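The structure appears right after this line, and notes come after that.
What you see is a predicted model; the values in this text were computed from it and never measured.
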Amino acid sequence: MFKAIPRILASGISATVLLMSSAVHALDLSSEVQKVLDGYRIAHGFPGATVAYVLPDGTVETLATGLADAEARHPMTPQTRMLAGSIGKTFVGAMSLSLEAEGLINLDAPISHYLGEHDWFIGLPNHDSMTVRDILHHSAGLLDHVHTEAFAEEMRLLLQSGEDAPPPEEMIGLAKDSDPLFAAGTGWAYSDTGYLLLGLMIEQVTGRPYYDTLHERFLKPLDLSETEPSDQRTLAGLAVGYTDPDNAFGMPPRTMDREGRLLWDPAIEWTGGGLVSTSRDLARWGHALFSGTAMAEPYLDDLLDGISIAPDTPEIKYGAGVAIYSSSPYGPIYGHGGWVPGYVSSLRHYADANVTIAFQINTDIDTEDLVASLEKALADVVIPGLHD
């Protein structure tokens with residue numbers, strides 16, 4: 001019967017049907033993702049969460065569940081922001097590659113080439129042998145100051161005094177005079193300390209504050225307008241974070257006061273993380289980064305040139321500020337997780353499907369298994385849903 005319809009009209013009807021079908025499919029997928037998110041909140045009892053996914057055609061969808069403030073009963077919305085934790089390392093890694101492309105740094109040069117003139121630097125383990133690449137890969141043999149008793153004590157004192165976070169050099173100083181975990185380049189151990197060194201190196205070679213360079217190179221060009229430095233206690237649109245009452249830092253379970261001010265200074269993270277963001281911005285960033293469009297110059301080979309994190313898990317590697325899972329039911333996965341008191345975040349890019357999924361939850365209580373389970377559940381809906 002359609003043969004009797006003039007070609008131009010038939011074409012118009014076909015286009016309309018395709019658009020309607022696409023819209024219905026997008027609505028169905030969004031509804032299924034919402035069911036997963038709501039179901040996990042009910043089953044696990046977390047206050048609230050947001051999720052965003054980017055599809056191969058660039059479509060971005062953001063959803064929310066639960067509460068951004070459990071006491072005030074404020075709902076979580078897709079625009080609600082949370083602290084992104086160590087996902088900030090993906091920006092440090094990308095910026096390091098950008099600076100290398102411009103000839104401002106050499107990834108295989110010793111970090112002492114850039115920071116060796118500082119008095120505090122000499123006391124660091126492997127100070128004369130660790131390279132920039134070693135630090136990017138967490139293979140420099142540095143301890144992680146965040147997981148030392150000295151850092152926990154520092155946090156407790158800051159909470160009691162209400163003082164601002166100390167400069168990064170002071171946090172790096174917590175690693176001074178400690179024995180190297182291994183010779184630089186011969187092992188793997190996650191280290192926020194190393195990423196603070198990278199932040200100082202970036203400032204050294206650019207002559208500008210790290211956050212200014214971040215805004216200029218990534219946040220502004222990619223229109224990541226919901227992402228900002230977490231360098232002060234009051235951050236607009238931030239969900240309340242909830243942490244374990246028995247946490248090592250002596251932090252109250254509700255990490256924010258009634259006026260919306262954090263009880264601790266998140267500036268202490270700096271280039272170990274250092275960002276407040278939305279799931280939407282995190283997903284859009286990950287999609288640009290891992291599809292190779294975050295910078296003009298080619299960079300994916302260096303970004304994903306990772307080292308194994310352990311002999312018994314050779315399929316899990318760490319590249320330039322990114323985690324790499326070389327095999328999964330959906331092929332390679334690239335991304336990063338994030339944790340700070342009161343918040344957890346996840347960013348995962350499924351390379352074969354060209355899909356990126358990010359989520360944030362405003363509690364860090366009993367979330368380790370939850371995060372991995374939710375990552376899988378969301379992928380199991382979004383990726384097969386592309387072809388339904």
* Structure fact -> Applied to residues 347-368, the side chain to side chain donor-acceptor pair (under 3.5 Å) test, sequence neighbours excluded, yields Thr243-Asp364, His287-Thr356, Trp339-Asp364, Ser345-Gln360, Arg348-Tyr350, Arg348-Glu375, His349-Thr356
* Asked: What do the steps show when you test Leu262 against Thr255 for side chain to side chain contact (heavy atoms under 4.5 Å, CB included), and what is the final call?
  -> CA-CA 6 Å; Leu262 286 169; Thr255 63; 4.1 Å; yes
* Could you tell me which residues satisfy side chain to side chain donor-acceptor pair (under 3.5 Å) with Thr65, sequence neighbours excluded, listed by chain and number? => Asp38, Arg41
Does some side-chain heavy atom of [Y] sit less than 4.5 Å from a side-chain heavy atom of [X]?
X      : Y      : answer
Arg280 : Gln79  : no
Leu374 : Val36  : yes
His113 : Val132 : no
Val355 : Ile357 : yes
Leu55  : Leu29  : yes
Lys317 : Ile309 : no
Leu142 : Pro125 : yes
Val240 : Leu67  : no

* **Option from Tyr318, Tyr325, Phe290, Phe91 for which ring-ring contact (aromatic ring centres under 6.0 Å, His included) with His336 holds** => Tyr318
Distance in Å, [X] [atom1] paired with [Y] [atom2], rounded so as to fall on 0.5 Å steps:
X      : Y      : atom1 : atom2 : answer
Leu370 : Ile365 : CG    : CD1   : 11.5 Å
Ser96  : Leu136 : OG    : CG    : 4.5 Å
Glu226 : Ser277 : CD    : OG    : 7.0 Å
Tyr242 : Met256 : OH    : CE    : 8.5 Å
Glu228 : Gln232 : CD    : CD    : 8.0 Å
Ser30  : Lys35  : OG    : NZ    : 11.0 Å

* Asked: Would Thr227 and Thr278 satisfy side chain to side chain contact (heavy atoms under 4.5 Å, CB included), going step by step from the backbone distance to the final call?
  -> CA-CA 7 Å; Thr227 303; Thr278 60; 5.7 Å; no
Check whether any side-chain N or O of [X] sits under 3.5 Å from a backbone N or O of [Y] as a donor-acceptor pair, and report yes or no.
X      : Y      : result
Thr313 : Ile316 : no
Tyr299 : Leu289 : yes
Thr80  : Met76  : no
Tyr334 : Ile324 : no
Ser328 : Gly331 : yes
Ser279 : Thr50  : yes
Ser326 : Glu315 : yes
Ser191 : Leu143 : yes
Ser139 : Trp188 : no
Ser230 : Gly274 : yes

For the residue pair [X] and [Y], what are the closest heavy atoms and their distance?
X      : Y      : result
Gly194 : Ile135 : O-CG2, 3.1 Å
Pro266 : Leu235 : CG-CD1, 4.4 Å
His127 : Ser112 : O-CB, 3.7 Å
Phe121 : Gly116 : CD2-CA, 3.7 Å

* Between Phe249 and Leu158, does a side chain to side chain contact (heavy atoms under 4.5 Å, CB included) hold up when you go through it step by step? -> CA-CA 10 Å; Phe249 308 133; Leu158 290 172; over 6 Å; no
Do [X] and [Y] get their side chains close enough for a donor-acceptor pair, meaning under 3.5 Å?
X      : Y      : answer
Ser98  : Arg217 : yes
Ser86  : Tyr190 : yes
His147 : Asp144 : yes
Tyr210 : His215 : no
Trp285 : Thr90  : yes

* Any residue meeting salt bridge (charged side-chain N to carboxylate O under 4.0 Å, His left out) with Glu153, in chain and number order, not counting sequence neighbours -> Arg156
Check the hydrophobic clustering (I, L, V, M, F, W, Y; side-chain heavy atoms under 4.5 Å; chains of links allowed) and say if [X] and [Y] are grouped together.
X      : Y      : result
Leu181 : Ile172 : no
Val33  : Ile42  : no
Val54  : Leu347 : no
Ile333 : Val51  : yes
Ile202 : Tyr211 : yes

Closer than 4.0 angstrom, basic N to acidic O: yes or no for [X] and [Y]?
X      : Y      : value
Asp257 : Arg233 : no
Asp281 : Arg81  : no
Asp69  : Arg73  : no
Lys89  : Glu269 : no

* To do: Answer yes or no: does atom CG of Asp119 have more than 12 heavy-atom neighbours from other residues, nucleotides or ligands under 6.0 Å?
  => no
* May I have the step-by-step check of side chain to side chain contact (heavy atoms under 4.5 Å, CB included) for Leu214 and Leu219, ending in yes or no? => CA-CA 6 Å; Leu214 176 67; Leu219 302 186; 4.0 Å; yes
* Asked: Where does the angle between the aromatic ring planes of Tyr40 and His44 fall among parallel (under 30°), tilted (30 to 60°) and perpendicular (over 60°)?
  -> parallel
* To do: Would you confirm whether the ring centroid of Tyr195 sits within less than 6.0 angstrom of the ring centroid of His138?
  => yes
* To do: Take Asp28 and Ser31 through the test side chain to side chain donor-acceptor pair (under 3.5 Å) and record every step on the way to the result.
  => CA-CA 5 Å; Asp28 288 345; Ser31 177; over 6 Å; no
* **Val146, Asn247, Ile268 screened by side-chain contact (heavy atoms from CB on, under 4.5 Å) with Met155, the one that passes** => Ile268
